[in-house]
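Because the structure is predicted, anything quoted here is derived from the model rather than measured.
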Amino acid sequence: MIDGLPMGVPAAGLPRRVRIHEVGARDGLQNEKAIVPVEVKAEFVRRLAAAGLTTIEATSFVHPKWVPQLADAERLMPLLAGLGDPPETGGAGLRLPVLVPNERGLDRALALGVREVAVFGSATESFAKANLNRTVDEALAMFAPVVAKAADAGVHVRGYLSMCFGDPWEGPVPIERVADVSRRLLDLGCDELSLGDTIGVATPGHVTALLTALNEAGVPTERIGVHFHDTYGQALANTLAALQHGVTTVDASAGGLGGCPYAKSATGNLATEDLVWMLHGLGIDTGVDLGQLTDTSVWMADQLGRPSPSRTVRALSHKES
């Protein structure tokens, strides 16, 4: 166990608790070229849960042709059976959302008893074409029956929106366009929205301006999560700007794993350990044991055969040795 913890010095105007939406097992691993054994993926999720993370995105029910790394979704979910059960019955009370690109993916997920799903849209036409081979309007039309069927089944739906700040083909993305597509995702019936800085070009002022525009478009802050990539080292600064606006859900990936197979300029996600270090230093509760989480990322880095890119993982694991 690693005992390094920051000194907690609360700052005014910040939430008392933040829910971390852990994406390492799905977004973090999806771009790995070497197939990670399904047993290793299941153990990764179990270790993340043991570290105190309460929402862990497990996998994607996308066609295996498009994301071969996640072709084992039907094998993985049964290995996680019971983790989502209430603690009083012996489970971890864990939320295990999965990504579903279409109705077929949703049907596969529902057949395994999944209770939370996510759809993945784009604020830009170029990325919608690259990722879904559809226009933005066509993608939203495809999601409509998926969200409706999920709602009928009592399943929670998250709407991911990528390229909210910049696009590698189109450049800066107009704030009003992001606000419009965000509103349309919620109008479809999504329960929450995750704003993605897919290529990591956002800066704090841009984050604040976008969140303000979303509120003005009728998107309440309590239904917004943020998903930052750390391409230019801005992910923590951008997260702090979102927290100051009232956001309490932040996506992160254990060990800083991840990228995007359809946007080659997208580097790793915000590392969960780096996020937890900052949040704990601000006196914000996460429920996460930083030492146990760091141990988990060191273990996963060993499985992948390379060191973690997370600065906190490197600092704390070096301190331990």
Side-chain angles (χ1 to χ4, degrees), residues 13-21 23 55 57 95 97 99-102 106 116-128 131-132 134-167 170-198 201-229 238-251:
L14 296 178
R16 298 177 62 182
R17 183 176 178 87
V18 163
R19 178 175 68 87
I20 297 174
H21 188 103
V23 300
T55 304
E57 197 162 276
R95 296 174 63 177
L99 198 65
V100 294
N102 49 36
L106 175 64
E116 295 196 33
V117 300
V119 294
F120 197 94
S122 171
T124 66
E125 297 292 347
S126 295
F127 190 67
N131 190 34
L132 297 169
R134 285 170 169 80
T135 66
V136 170
D137 287 346
E138 289 168 347
L140 291 171
M142 179 179 69
F143 295 150
V146 177
V147 176
K149 181 181 283 191
D152 288 344
V155 171
H156 181 278
V157 182
R158 171 179 248 224
Y160 276 106
L161 189 60
S162 58
M163 301 297 172
C164 289
F165 298 91
D167 178 289
E170 298 182 21
V173 181
I175 287 175
E176 58 272 18
R177 182 193 303 176
V178 180
D180 174 66
V181 182
S182 297
R183 179 69 261 176
R184 292 168 70 186
L185 273 171
L186 290 189
D187 288 344
L188 286 181
C190 289
D191 298 290
E192 66 174 306
L193 180 70
S194 175
L195 305 175
D197 181 20
T198 315
V201 295
T203 51
H206 193 169
V207 172
T208 300
L210 176 57
L211 292 171
T212 300
L214 286 171
N215 293 157
E216 292 171 349
V219 179
T221 301
E222 59 268 22
R223 295 177 68 180
I224 297 173
V226 289
H227 184 118
F228 294 116
H229 284 230
N238 292 333
T239 299
L240 183 57
L243 297 177
Q244 290 168 333
H245 193 86
V247 171
T248 59
T249 299
V250 180
D251 297 3

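Shown here for Ala217 and Ala179, the closest heavy-atom pair between the two residues is CB-CB, 4.2 Å. Nearest approach of Ala139 to Leu132, heavy atoms of both residues: CB-CD1, 3.7 Å. Taking both residues in full, the closest heavy atoms of Pro15 and Thr248 are given as CB-CG2, 3.6 Å, listed atom of the first, atom of the second, then distance. Of all non-hydrogen atoms in Asn131 and Phe120, the two that sit nearest each other are ND2-CD2, 3.3 Å. Val181 and Leu161 make their closest contact through CG1-CD1, 3.6 Å (heavy atoms, listed as atom of the first residue, atom of the second, distance). Of all heavy-atom pairs spanning Val207 and Ala242, the tightest one is CG1-N, 4.1 Å.
Looking at heavy atoms from C-beta onward, Tyr160 lies in side-chain contact with Leu99 at the 4.5 angstrom threshold. Leu214 places a side-chain heavy atom less than 4.5 Å from the side chain of Leu195. Counting heavy atoms from C-beta outward, His227 and His21 have side chains that stay 4.5 Å or more apart. Under the 4.5 Å side-chain criterion, counting only non-hydrogen atoms from C-beta, Thr221 is in contact with Val247. Side chains of Arg158 and Val117 form no contact here, defined as non-hydrogen atoms less than 4.5 Å apart.
With rounding to the nearest 0.5 angstrom, the CE atom of Met163 is 4.5 Å from the CZ atom of Phe127. Atom CG of Leu240 and atom NE2 of His245 lie 13.5 Å apart (nearest 0.5 Å). For the atom pair Thr249 OG1 and Glu192 CD, the distance stands at 6.0 Å (nearest 0.5 Å). Note that OG1 of Thr198 is 8.5 Å distant from CG of Asp167, once rounded to the nearest 0.5 Å. Atom CD of Glu125 is separated from atom OG1 of Thr135 by 5.5 Å, given to the nearest 0.5 angstrom. Rounding to the nearest 0.5 Å places OG of Ser122 at 9.5 Å from CG of Leu140.
With hydrogens and angles disregarded, a donor-acceptor distance shorter than 3.5 Å links the side chain of Ser162 to the backbone of Gly121. Between the side chain of Asn215 and the backbone N or O of Val219, at least one donor-acceptor pair lies under 3.5 Å.
Among residue pairs with one or both ends in residues 171-181, those qualifying as side chain to side chain donor-acceptor pair (under 3.5 Å) are Glu170-Arg177; sequence neighbours excluded. Applying the salt bridge (charged side-chain N to carboxylate O under 4.0 Å, His left out) rule to pairs touching residues 209-223 yields nothing, sequence neighbours excluded.
Screening Val226, Asp197, Leu210 against Cys164 for a side chain to side chain contact (heavy atoms under 4.5 Å, CB included) leaves a single residue, Leu210.
Summarising the local packing, CZ of Arg16 is surrounded by 12 or fewer heavy atoms from other residues, nucleotides or ligands at distances under 6.0 Å.
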Stepwise side-chain contact (heavy atoms from CB on, under 4.5 Å) check, Arg184 with Asp137: CA-CA 10 Å; Arg184 292 168 70 186; Asp137 287 346; 2.7 Å; yes
Verdict with supporting geometry, Val250 and Leu243, side-chain contact (heavy atoms from CB on, under 4.5 Å): CA-CA 9 Å; Val250 180; Leu243 297 177; 4.2 Å; yes
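For Ser194 and Asp251, the side-chain atoms include at least one donor-acceptor pair closer than 3.5 Å.
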